[in-house]
Amino acid sequence: MITLRQLEFALAVAKYKHFKRAAEACNISQSALSLGIAELEKQLDTQIFERNNKQVLITPIGEEILTRAQRVFSEVNDLVTRAQSHQSPLAYPMTIGMIPTIAPFLLPKVLPDLRAQFPDFKLTVVEEQTERLLDKVRYGVIDTAIIALPYATDGLLTFEFWAEDFLAVVAPNDSRAALPVLDSEHLLDSSLLLLGEGHCLTDHALAVCHVDKRRMREAFSDASLTTLIQMALSGMGTTLVPELARQQIHQQNPDVALILLAEPGPHRRLAFVTRLNYARVDDISLLGNLFADTLKKDRAQ
C-alpha cells in the first residue's frame with residue numbers, strides 16, 4: 001500500500017531535484033529514500049523519476065502523480081489542523097509566507113507583541129514572491145501568506161489587515177528633497193529604480209503613478225530593495241518604498257528624504273490569504289487583528 005511517507009519522499013525529490021538533499025530534508029538516509037521511491041514506483045507500476053549521476057528529471061506521468069500527491073498532502077494537513085482547531089488560540093505551529101517587500105519591515109514591528117501575548121507560538125516564515133507563495137498556500141505547503149493587494153487571489157480566502165502608501169527615497173542633496181510631495185512627473189524626471197519581474201511592489205508603484213511598464217524596462221533591477229535604497233541615497237536615482245519601511249530607513253540613514261507621493265492612497269493593502277477549507281481561520285483572523293493593532297500604535301508614534 002502506498003504510504004504518506006513515500007509520497008513525502010517523492011515530493012522532496014521533486015523539490016530539490018537531488019536525492020541526497022531530499023534525503024537530508026526528510027531526515028533519513030539516501031538509501032532509505034531511494035528504496036521508498038523505488039517501492040512507490042513499483043506499486044504504481046510506473047516511473048516517476050529519470051535519474052543519472054548528474055540530474056533528476058520528472059517523467060510526464062510523474063508530473064501528474066506528484067500534483068495529486070501534493071493535493072493529498074494538503075488534505076492531510078488540513079485534516080490534522082481541523083482536528084486541532086478546537087484547541088487554544090495559536091496553540092500549534094504555523095508557517096507563514098511573506099513577500100520580500102513586507103517581511104523585513106513588518107516582522108520587527110509585530111514580533112515583540114506576538115511573542116509577548118503568545119510566548120509558546122511557534123512561527124516559521126517563508127520568503128518568496130507572491131505567485132510562488134500563493135501556489136504554496138493552494139497546495140498546503142504553507143498555512144497562509146501575507147501579500148500585497150491588489151493581486152488575483154482566486155479560490156483563496158483573503159483577510160485584509162493594513163493599508164499604506166508609498167514613499168520616494170531621495171538623496172539628502174537632491175533638489176527635490178525639500179518638496180512636501182512628489183508627483184509622477186517628478187519621479188520620471190529622475191532615474192527611477194525599481195525591483196525586477198515578479199515583484200508586486202513594482203507593479204503597484206507603476207499603477208499608482210499611471211506609468212506603462214513596457215516603457216520602463218531600463219528602470220528594473222535584480223537587486224534587492226535594500227540595495228535600491230542605498231543606490232538612491234548615493235544619488236543614482238529614486239526608488240519607492242512602503243510606508244512600513246519609514247522608521248527602519250530613518251534609523252539607518254537619518255538624513256534621508258522620504259517623500260509622500262501626490263497620488264491618492266492607500267497605494268497597497270496587506271492581507272493574509274489561505275485556503276477555503278483551512279481549519280485554523282480563527283488563528284489567522286487573530287493574527288490579522290494583532291498585527292493591525294500593533295501597526296496602528298506604531299503609526300501613531
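Any value given below was found using the heavy atoms of this structure, including those in side chains, with hydrogens, waters and symmetry copies removed.
- Counting heavy atoms from C-beta on, the side chains of Leu44 and Ile2 come closer than 4.5 Å.
- Of the residues Pro242, Pro264, Pro266, the one that meets the side chain to side chain contact (heavy atoms under 4.5 Å, CB included) test with Asp165 is Pro266.
- Within a 6.0 Å radius of OH in Tyr139, no more than 12 heavy atoms belonging to other residues, nucleotides or ligands are found.
- Using a 4.0 Å cut-off between charged nitrogen and carboxylate oxygen, Lys297 and Asp113 count as a salt-bridge pair.
- Ring to ring, Phe272 and Phe291 are close: their centroids are under 6.0 angstrom apart.
- When the shell of 6.0 Å around CZ of Arg132 is examined, it contains 12 or fewer heavy atoms from other residues, nucleotides or ligands.
- With Ile146 as reference, Ile102 is the one residue of Leu107, Val273, Ile102 to meet the side chain to side chain contact (heavy atoms under 4.5 Å, CB included) rule.
- Distance check, rounded to the nearest 0.5 Å: CG of Leu90 to CG of Leu123 gives 9.5 Å.
- Taking 4.0 Å as the cut-off between side-chain N and carboxylate O, Glu243 and Lys109 do not count as a salt-bridged pair.
- Distance CD/Gln70 to NZ/Lys15: 10.0 Å, rounded to 0.5 Å.
- Using a cut-off of 4.0 Å between Lys/Arg side-chain N and Asp/Glu carboxylate O, Arg21 and Glu24 are scored as not salt-bridged.
- Taking a cutoff of 4.0 Å between a charged side-chain nitrogen and a carboxylate oxygen, Arg68 and Glu64 qualify as a salt bridge.
- Between the side chains of Ser34 and Arg51, no donor N or O sits under 3.5 Å from an acceptor N or O.
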